[in-house]
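Comments concern the structure below.
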Amino acid sequence: MDKFMKRAVELAIENVHNGGQPFGAVLVKDDKVIAEGVNELHIKHDVSGHAELLAIRRAQEQLQTNDLSGFTMYASGAPCPMCFAAMMFAGIEKAYFCATLDHAKAVGLGKSGVIYGELQKTPEGRSFEMIHMELGEGMANPMQLWKDRNN
């Protein structure tokens, strides 16, 4: 097994022993570990406290950048949709994982599969209701303000 994946699995095992979920992540660039994370939901009561997100946050803070192009994520389990999206937003180009979504579902950690399924549906067909609302009359448009500021 690759040394970085081995480390991600070791972090996951340690996290289970500490009362957490079986997820560990290692973020690598140029064959060097830049940041690590484990799911901290049991510590911080924060549903975004996933191993991959914490590794990304730590790397971005350490390097003072939002651009993690050229980085590779090693995760003990298949990234959830939130972590997948964060990796894409950060520019991470590749991720390796051990446990599949089916493995997670088999041990009672199956929300990722449900969410991936919901994302494949049209907005009208999803169980999570999302309703578009127009800006109020006379309100500044934050998107236009951002565009104007960056032109």
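Values below: every heavy atom of this structure, side chains too, minus hydrogens, waters and symmetry copies. Here, residue 1 is the first one in the sequence, and each next residue gets the next number.
Between P81 and I115, the shortest heavy-atom distance links the atoms CG-CG2, 3.3 Å. Of all heavy-atom pairs spanning P142 and A140, the tightest one is CD-O, 3.3 Å.
Side chains of N141 and L145 form no contact here, defined as non-hydrogen atoms less than 4.5 Å apart. Using a 4.5 Å heavy-atom threshold, the side chains of C98 and M5 count as touching. Counting only heavy atoms from C-beta outward, the side chains of L11 and S76 never approach each other to under 4.5 Å.
A continuous path of ILVMFWY side-chain contacts below 4.5 Å connects Y116 to M88, so both sit in one hydrophobic cluster. Note on F71 and M87: same hydrophobic cluster, where clusters join Ile, Leu, Val, Met, Phe, Trp and Tyr whose side-chain heavy atoms are under 4.5 Å apart, directly or indirectly.
Annotation: ring pair (Phe, Tyr, Trp, His ring centres under 6.0 Å) contacts of Y96 (sequence neighbours excluded): Y74. Scanning for side chain to side chain contact (heavy atoms under 4.5 Å, CB included) contacts around T65 gives L63, D67, L68, with sequence neighbours left out. Residues satisfying the side-chain hydrogen bond (donor to acceptor under 3.5 Å, both in side chains) criterion with E134, sequence neighbours excluded, are absent altogether. Considering only residues two or more places apart in sequence or on other chains, H42 meets the side-chain hydrogen bond (donor to acceptor under 3.5 Å, both in side chains) condition with none of them. Residues meeting the salt bridge (Lys or Arg N to Asp or Glu O under 4.0 Å) test with K121, sequence neighbours left out: E118. Shown here are the side-chain hydrogen bond (donor to acceptor under 3.5 Å, both in side chains) partners of N150, two or more places apart in sequence or in another chain: there are none. Taking the side-chain hydrogen bond (donor to acceptor under 3.5 Å, both in side chains) definition, one finds that R126 meets it with nothing, sequence neighbours left out. N18 is linked by a side chain to side chain contact (heavy atoms under 4.5 Å, CB included) to E14, counting only residues two or more places apart in sequence or in another chain. M82 meets the side chain to side chain contact (heavy atoms under 4.5 Å, CB included) test with S48, H50, L53, C80; sequence neighbours excluded. Partners of E93 according to the salt bridge (Lys or Arg N to Asp or Glu O under 4.0 Å) rule, which considers only residues two or more places apart in sequence or in another chain, do not exist here.
To the nearest 0.5 Å, the span separating CZ on F84 from CZ on F89 amounts to 10.5 Å. Distance CG/N15 to CD1/I13: 11.0 Å, rounded to 0.5 Å.
Within a 6.0 Å sphere centred on CD of Q62, heavy atoms belonging to other residues, nucleotides or ligands number more than 12.
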What side-chain donor-acceptor pairs closer than 3.5 Å can you find for residues 21-36, not counting sequence neighbours?
unit_1, atom_1, unit_2, atom_2, d
Q21, OE1, N39, ND2, 3.1
E36, OE1, R7, NH2, 3.0
E36, OE2, R7, NE, 2.8

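Applying the salt bridge (charged side-chain N to carboxylate O under 4.0 Å, His left out) test to pairs two or more places apart or on separate chains, those with a residue in residues 40-57 are E40-R58.
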